[in-house]
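Remember, predicted model here, so these are calculated numbers, not experimental data. These numbers come from the heavy atoms of this one structure, side chains and all, not from hydrogens, waters or symmetry mates.
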Amino acid sequence: MNYDIPGLTSEAIGLLKSLISIPSISRDEEKAADFLQNHIEMQGMATGRKGNNVWCLSPMFDLKKPTILLNSHIDTVKPVNGWRKDPFAPTQESNGKLYGLGSNDAGASVVSLLQVFLQLCRTTQAYNLIYLASCEEEVSGKDGIESVLPELPPIRFAIVGEPTEMQPAVAEKGLMVL
């Protein structure tokens, strides 16, 4: 498959900027979840939702195939007093860096995993995919991923987008037993 990398990058940056501009402090992610759910549905995909968790199963989901979960979280911490820029006004500097609350933790992962999901769903795979944008990760809330896992088909493997220098995220460690 031929990928339009510049086009996909531009689309991802635009989506990330939109998410940054929507405050999504833990336990108050409804507007960001609404936006993301609408975006996914505009791509022609059916979504599931529980609270502020939004998910999507790959087309032609087959329980005989192994399932891979692509997960990251849409919630952020509250902005601290040290912010020198408006945390909800995404700013892209000339060096390419994008600033805004949640841009790194974990908006970039939310958007990147969604792009991967959407691209892989356009081809036949030997596995199923589930994309899950979960909430309340920053506060280890009970209404986050823990509440959604019983709603999903069995998962064999998970890729969790979390910028923790490749170390397990303590807030989620142990929530997902596969």
Side-chain angles (χ1 to χ4, degrees), residues 1-16 18-19 22 24 29-75 102 105-138 140-164 166-178:
M1 178 174 229
N2 228 351
Y3 295 106
D4 172 17
I5 301 301
L8 291 171
T9 301
S10 178
E11 182 181 314
I13 291 169
L15 181 59
L16 180 54
S18 294
L19 282 172
I22 303 168
S24 58
E29 312 96 344
E30 185 175 4
K31 290 179 182 173
D34 290 344
F35 172 81
L36 197 54
Q37 183 174 20
N38 289 334
H39 177 79
I40 294 168
E41 289 174 356
M42 286 175 48
Q43 306 304 308
M45 305 295 287
T47 59
R49 182 156 174 180
K50 183 173 185 181
N52 293 326
N53 301 284
V54 177
W55 67 86
C56 187
L57 278 61
S58 56
M60 298 176 284
F61 196 94
D62 181 354
L63 286 173
K64 295 176 190 152
K65 294 180 185 179
T67 299
I68 301 171
L69 174 68
L70 304 176
N71 167 247
S72 195
H73 62 92
I74 60 173
D75 63 314
D105 188 6
S109 295
V110 167
V111 169
S112 297
L113 290 172
L114 179 58
Q115 289 285 64
V116 166
F117 175 82
L118 293 171
Q119 292 304 308
L120 290 176
C121 284
R122 291 186 173 112
T123 61
T124 302
Q125 304 296 333
Y127 49 84
N128 299 307
L129 287 172
I130 299 175
Y131 172 78
L132 169 62
S134 55
C135 66
E136 295 191 11
E137 186 273 345
E138 296 292 355
S140 299
K142 295 291 182 192
D143 291 328
I145 191 172
E146 185 176 10
S147 73
V148 176
L149 289 176
E151 309 285 327
L152 301 177
I155 297 165
R156 176 87 51 94
F157 182 80
I159 297 172
V160 180
E162 177 66 21
T164 57
M166 299 304 288
Q167 299 300 312
V170 175
E172 297 293 325
K173 187 176 180 183
L175 280 179
M176 244 180 98
V177 179
L178 303 176

Going by distance alone, is a donor N or O of one side chain under 3.5 Å from an acceptor N or O of the other, for S134 and E136? no
Can you name the closest pair of heavy atoms from G161 and A106 and give their distance? O-CB, 4.0 Å
I need the I68 CD1 to F117 CZ distance, nearest 0.5 Å. 11.5 Å
Show every donor-acceptor pair shorter than 3.5 Å between a side-chain atom in residues 54-63 and any protein atom, with sequence neighbours excluded, or say none if there are none.
residue : atom : partner : partner atom : Å
S58     : OG   : L129    : N            : 3.0
S58     : OG   : L129    : O            : 3.3
D62     : OD1  : K64     : N            : 2.9

Working to the nearest 0.5 Å, report the span between OG1 of T47 and CG of L36. 9.5 Å
Is the closest side-chain heavy-atom distance between R156 and T67 below 4.5 Å? no
Which pairs, with at least one residue in residues 32-54 and sequence neighbours excluded, count as a salt bridge (Lys or Arg N to Asp or Glu O under 4.0 Å)? D34-R49, K50-E151
In terms of heavy-atom contacts, D105 and E138 come closest through OD2-OE2, 3.1 Å
Got a donor-acceptor contact below 3.5 angstrom from the N53 side chain to the D143 backbone? yes
Do any side-chain atoms of residues 4-12 form donor-acceptor pairs under 3.5 angstrom with protein atoms, and if so which ones, sequence neighbours left out?
residue : atom : partner : partner atom : Å
D4      : OD1  : G7      : N            : 3.0
T9      : OG1  : I5      : O            : 2.8

Could you go through L15 and V110, starting from their C-alpha distance and side-chain angles, then the distance that decides it, and tell me whether this counts as side chain to side chain contact (heavy atoms under 4.5 Å, CB included)? CA-CA 10 Å; L15 181 59; V110 167; over 6 Å; no
To the closest 0.5 Å, what do you measure between OG (S72) and CD (E162)? 6.0 Å
One should read off an interatomic distance between Q125 CD and K65 NZ, to the nearest 0.5 angstrom, of 8.0 Å
Under 3.5 Å: donor-acceptor pair, side chain of N71, backbone of L132: yes
Can you tell me how far CG of N52 sits from OG of S147, rounded to the nearest 0.5 angstrom? 10.0 Å
Looking only at heavy atoms, which two atoms of Y131 and L114 are closest? And how far apart? CE1-N, 3.4 Å
From CG (L120) to CG (N128), nearest 0.5 Å: 12.5 Å
Considering non-hydrogen atoms only, spot the tightest contact between I22 and A32 and give its length. CG2-N, 3.5 Å
Heavy-atom closest pair (G107 atom, L16 atom, distance to 0.1 Å) is C-CD1, 3.5 Å
